[in-house]
Amino acid sequence: MDKIKKAEPIEATNFIEQEINKDILSGKISGGIQTRHPPEPSGYLHIGHVRNIVINYGTALKYGGVCNLRYDDTNPEKEKQEYVDALQEDVKWLGYKWGAIHYATEYFQQNYEIAVKLIKEGKAYVCDLSAEELSATRGTLTEPGKESPYRNRSVEENLDLFERMKNGEFEQGSRCLRAKIDMASPNMNMRDPVIYRIQYLDHQRIGRSWNIYPSYDFSHPLDDCLEGVTHSLCGPEFEDHRPLYNWVVENSGLKNHSRQIEYANLYIKGVILGKRFIKKLVEQGKVSGWDDPRLYTIIGLRRRGILPQSLIDFVYAAGISKSVSVIDPAMLDYFVRNTLNKVSRRVMAVLNPIKLVITNMPEGKQEEIELDDYPQNEESTKRKYYFGRNLYVEADDFMKEPVPKYHRLYPGNEVRLMGAYIVKCTGFDQDENGNVTSIYAEYDKDTKSGSGCTKKVKGTIHWINADRCKKVEARLFENLTLPKEEENELAGGKEQGSDGDVVINPNSLKVLGNAFVEDGVDFNFNDRYQFLRNGYFCLDKDTTADKMVFNRTVSLKDGFKMPQ
RNA sequence: UGGGGUGUCGCCAAGCGGUAAGGCAUUGGACUCUGACUCCAACAUCCGAGGGUUCGAAUCCUUCCACCCCAGCCA
């Protein structure tokens with residue numbers, strides 16, 4: 001805004017910054033850098049939009065400039081106040097600050113005046129062709145279009161007709177205002193594009209105050225210039241629109257000229273991002289809502305427990321270019337873990353419990369031990385916990401007959417119970433189906449953690465004291481969709497259409513209702529936890545007074561490959 | 001088959017005429033009371049293909065190929 005810093009070239013990290021540097025060096029830009037974040041409030045933002053946000057706010061920030069949030073709300077047919085509100089929350093959560101909030105609808109009067117100016121200069125005309133007729137005369141990719149019979153109306157007639165459009169005298173769709181450019185242009189966008197349409201709709205912000213609405217191609221460049229935007233950064237689909245953008249800017253009579261630069265969208269392999277696809281999943285009840293933790297909407301990622309810094313790091317690491325990028329989800333996981341690793345409190349939780357009885361520990365005896373809250377930090381707070389006779393360990397941490405390189409519990413083997421003692425497995429019980437029902441072990445009193453014990457064992461496992469625990473629900477997630485082959489198999493060999501119907505991965509949500517956590521830990525919504533050896537977790541909003549629900553944000557990287 | 005854009009390691013991505021950065025993934029190994037983290041090492045004789053210019057090209061020229069976007073009174 002008024003405190004924009006005069007821009008200096010910076011060390012460019014991508015082609016957009018290179019272009020901006022050139023503009024500064026060539027003197028095209030004399031003041032500060034200004035960008036805009038122009039979402040249409042027609043849906044929830046997803047991880048692909050995070051790139052737009054990072055680029056627009058982040059670039060302005062780097063140059064000491066400003067980025068305004070401008071709602072591109074020129075189509076009331078698709079927009080809702082619900083989305084307007086959600087958008088701001090998402091941007092705030094990501095940690096970016098806008099210079100000001102604007103709405104495209106704020107500029108309607110100015111847009112209108114410029115349209116009138118264009119008419120007076122013979123650069124725009126009212127066309128009476130129907131949408132179908134207009135489409136039929138636009139030509140094709142290989143053939144030029146035909147000029148509209150209304151193309152050469154007099155300025156007076158155009159002015160009168162446009163005024164009457166504005167006054168609501170004509171039926172919706174009966175007339176429109178078109179820019180007079182070139183019906184033979186190889187660029188379809190330049191074939192006398194529609195710049196104003198009649199629309200009688202209740203707009204979420206301005207109600208029924210306007211009967212005519214400018215199209216994106218007309219309002220966007222104008223609003224950029226009006227607002228003082230220097231660089232209008234947008235998606236690749238607008239590349240073809242750039243000549244039109246420039247045409248509007250040059251003919252607007254506005255002094256500030258904004259420059260449009262396009263960059264590629266961000267996709268993640270196997271992740272559903274299309275607005276209509278997500279919407280369909282929500283409507284069909286295949287997910288619990290726009291904030292289902294399996295969705296890559298910003299609210300979904302947030303609910304899942306991902307921290308904004310991870311998203312920002314991820315976007316920068318992925319880079320910004322003009323080529324289509326489909327990123328490996330493992331890369332996102334890496335940055336999610338990387339952020340979480342630094343801030344998460346370590347606690348023990350057993351997700352798939354199996355009983356472990358320490359036979360040489362007397363019934364009823366509870367021995368105090370000490371656990372680090374943040375062992376990854378130099379300084380860590382500690383908490384008390386108790387070792388006893390009746391414990392739970394992870395079912396995965398026991399095998400009747402070990403596979404090679406298996407370092408956990410099996411008859412005869414010793415492992416360390418984290419923070420407590422080394423125990424030796426002495427036996428197990430199983431039911432008639434061979435399912436293990438309990439494990440037996442003896443602990444070695446000379447091996448208490450922190451006692452200076454020098455004995456080493458290959459495996460250390462986490463555990464929960466059955467007399468000192470809380471039962472909770474843990475929700476584990478996998479990708480919503482499966483790789484194509486598996487998906488087709490699930491669909492009975494039928495190829496899935498692209499109509500938005502997807503086969504959901506049956507394992508995309510696993511609810512473990514019999515999980516246990518330490519009873520001495522006060523869990524809260526703002527903190528992040530690493531359930532040791534199980535992954536990063538956070539409290540879900542479904543938590544109630546008597547049941548805590550945890551989402552696994554992401555698992556830990558698992559270096560052990562179980563041989564088959 | 002018109003126009004616009006893109007093609008560099010499995011996935012991203014630097015490189016802008018001087019002889020292939022980096023990240024993720026992967027693979028070894030060290031460390032480890034998380035098989036995590038961290039650390040160290042390996043990982044494109046080659047830049048979509050062919051031809052040309054040059055002492056020298058991923059970078060320049062040329063031909064070809066592949067993929068993406070555009071025919072809303074959507075954005």
Side-chain angles (χ1 to χ4, degrees), chain A residues 13-14 18 38-40 42 72-75 77-79 104 127 129-131 134-136 138-145 172-178 185-191 193-199 212-213 215-217 219-220 234-243 262 264-266 268-269 313-314 316-335 337-338 341-342 346 348 372 375-376 405-408 415-420 422 447 449-450 453 456-462 530-535 555-561:
Chain A
T13 59
N14 58 249
Q18 289 175 346
E40 185 192 19
S42 60
D72 228 326
D73 59 345
T74 55
N75 185 11
E77 225 171 328
K78 291 185 180 175
E79 301 156 6
C127 180
L129 255 25
S130 69
L134 201 155
S135 173
R138 189 162 5 237
T140 68
L141 295 179
T142 51
E143 305 156 49
Q172 189 163 314
S174 63
R175 275 176 238 263
C176 63
L177 185 71
R178 294 225 258 165
S185 171
N187 182 342
M188 302 292 297
N189 297 298
M190 299 300 267
R191 319 240 263 228
V194 171
I195 57 175
Y196 260 97
R197 58 189 186 267
I198 297 170
Q199 189 122 75
I212 51 173
Y213 278 72
S215 60
Y216 167 89
D217 283 316
S219 70
H220 203 94
C234 65
E237 67 273 32
F238 295 112
E239 204 143 20
D240 286 340
H241 295 242
R242 194 166 67 226
E262 314 82 15
N265 291 326
L266 177 153
I268 297 176
K269 189 156 195 271
D313 291 346
F314 167 68
Y316 278 120
I320 294 155
S321 73
K322 297 194 71 161
S323 53
V324 182
S325 50
V326 183
I327 296 164
D328 185 339
M331 184 152 153
L332 208 214
D333 288 345
Y334 171 83
F335 287 99
R337 291 187 186 110
N338 194 43
N341 178 42
K342 296 170 191 151
R346 310 287 136 124
M348 294 201 287
D372 274 324
Q376 75 275 33
K405 302 251 184 71
Y406 188 75
H407 300 153
R408 310 174 199 175
V415 300
R416 163 146 243 129
L417 292 182
M418 201 178 278
I422 290 174
T447 59
S449 293
C453 157
K456 301 272 184 219
V457 286
K458 285 263 181 64
T460 299
I461 64 171
H462 57 99
Q530 186 194 101
F531 288 177
L532 284 152
R533 303 206 304 134
N534 267 323
S555 65
L556 254 30
K557 200 172 162 175
D558 190 1
F560 177 64
K561 309 268 181 295

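Both backbone and side-chain heavy atoms feed into the values below; hydrogens, waters and symmetry mates do not. Letters A, B, ... mirror the listed sequences (proteins, then strands); counts begin at 1.
- Here U6(B) presents its C1' atom at 17 Å from CD1 of Ile320(A), a figure rounded to the nearest Å.
- Comparing the P positions of U34(B) and A49(B) gives a spacing of 48 Å, expressed to the nearest Å.
- At least one side-chain heavy atom of Ile461(A) sits less than 4.5 Å from a side-chain heavy atom of Arg533(A).
- Under the Watson-Crick or G-U wobble criterion, with both distances below 3.5 Å, C37(B) is left unpaired in every strand shown.
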**Report entry** side-chain contact (heavy atoms from CB on, under 4.5 Å) assessment of Ile327(A) paired with Leu266(A)
**Finding:** CA-CA 8 Å; Ile327(A) 296 164; Leu266(A) 177 153; 4.0 Å; yes
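- When rounded to the nearest whole Å, the span between CE of Met331(A) and P of A25(B) equals 9 Å.
- Nearest heavy-atom pair across Ile422(A) and Thr447(A) is N-OG1, 3.0 Å.
- Taking 4.5 Å as the limit, every side-chain heavy atom of Lys342(A) sits out of range of all side-chain heavy atoms of Gln376(A).
- Listed nucleotides G5(B), G35(B), C24(B) differ in distance to Tyr406(A); the shortest reach to its side chain belongs to G35(B).
- The side chain of Arg533(A) has G35(B) as its nearest neighbour among G5(B), G10(B), G35(B).
- Nearest-nucleotide assignment on RNA chain B puts the 5′-proximal partner with Phe335(A), out of Phe335(A) and Asn534(A).
- Note on Gly450(A): a base of the nucleic acid sits closer than 4.0 angstrom, heavy atoms only.
- For the C1' atoms, the distance linking G35(B) with G29(B) amounts to 15 Å, nearest Å.
- Checking G10(B), C12(B), G35(B) against every side-chain atom of Lys405(A), the shortest atom distance belongs to G35(B).
- On the C1' atoms, A57(B) is 25 Å away from C43(B), given to the nearest whole Å.
- Nucleotides C31(B) and C39(B) have their P atoms positioned 16 Å apart, rounded to a whole Å.
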Report task. Mark up nucleotides 70-75 of chain B, 5' to 3', with B wherever a protein heavy atom is under 4.0 angstrom from a base atom, S wherever such an atom reaches only the sugar-phosphate, and - elsewhere. Result -> BBSBBB
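- Mapping Ser323(A) and Leu532(A) onto RNA chain B by nearest heavy atom places Ser323(A) closer to the 5' end of the strand.
- We find that CD of Glu239(A) is positioned 6 Å from P of U6(B), with the value rounded to whole Å.
- When the C1' atom is used for both C12(B) and U45(B), the distance is 23 Å, rounded to whole Å.
- Nucleotides C70(B) and A75(B) have their P atoms positioned 15 Å apart, rounded to a whole Å.
- The interatomic distance linking Lys456(A) (NZ) with A30(B) (C1') rounds to 15 Å, in whole Å.
- A distance of about 28 Å separates the P atoms of C65(B) and G72(B), rounded to the whole Å.
- Using a 4.0 Å cut-off, no side-chain N or O of Thr13(A) falls inside it from OP1 or OP2 of A14(B).
- Applying the Watson-Crick and G-U wobble criteria (two distances, each under 3.5 Å), U19(B) pairs with nothing in any strand.
- Within 4.0 Å of Val457(A), counting heavy atoms only, lies no atom of the nucleic acid at all.
- Within the 4.0 angstrom heavy-atom criterion, base atoms lie near Arg408(A).
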**Report entry** Residue pair Asn265(A), Glu237(A): steps toward the side-chain contact (heavy atoms from CB on, under 4.5 Å) verdict
**Finding:** CA-CA 9 Å; Asn265(A) 291 326; Glu237(A) 67 273 32; 4.1 Å; yes
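- For the pair Phe314(A) CZ and C11(B) C1', the interatomic distance rounds to 10 Å; values are reported in whole Å.
- Nucleotide C64(B): paired with G48(B) (Watson-Crick or G-U wobble, both distances less than 3.5 Å).
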Could you write out each protein N or O paired with an N or O of nucleotides 37-43 of chain B at a distance under 3.5 Å?
from, atom 1, to, atom 2, distance (Å)
C37(B), O2', Asn341(A), ND2, 3.0

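- Residues Lys322(A) and Glu239(A) form a side-chain contact, since some pair of their non-hydrogen atoms from C-beta on lies under 4.5 Å apart.
- Between the C1' atoms of A44(B) and A58(B), the separation comes to 12 Å (whole Å).
- The closest side-chain heavy-atom distance from Pro193(A) to Met188(A) is not below 4.5 Å.
- Straight-line distance from the NE2 atom of His407(A) to the P atom of A36(B): 12 Å, rounded to whole Å.
- A straight line from NZ of Lys561(A) to C1' of G28(B) spans 13 Å, rounded to a whole angstrom.
- Contacts of Arg346(A) with the nucleic acid, taken as non-hydrogen atoms under 4.0 Å apart, include base atoms.
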Query - Steps toward side-chain contact (heavy atoms from CB on, under 4.5 Å) verdict (Arg191(A), Asn189(A)) - result: CA-CA 6 Å; Arg191(A) 319 240 263 228; Asn189(A) 297 298; over 6 Å; no
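- Residues Phe560(A) and Lys405(A) have side chains in contact (heavy-atom distance under 4.5 Å, counting atoms from C-beta outward).
- Within the 4.5 Å cutoff, the side chain of His407(A) has no heavy atoms near those of the Val415(A) side chain.
- Listed pair Gln18(A) / G15(B) meets the phosphate criterion, a side-chain N or O lying under 4.0 Å from OP1 or OP2.
- Atom CZ in Phe560(A) sits roughly 14 Å away from atom P in G28(B) (whole-Å rounding).
- Classification of the Tyr216(A)-His241(A) ring pair by plane angle, with boundaries at 30° and 60°, yields perpendicular.
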Query raised in the report: What's the verdict on side-chain contact (heavy atoms from CB on, under 4.5 Å) for Ser42(A) and Asn75(A), showing C-alpha distance, side-chain angles and the deciding distance?
Result: CA-CA 9 Å; Ser42(A) 60; Asn75(A) 185 11; over 6 Å; no
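- Annotated as syn: G72(B), whose O4'-C1'-N torsion sits within 90° of 0.
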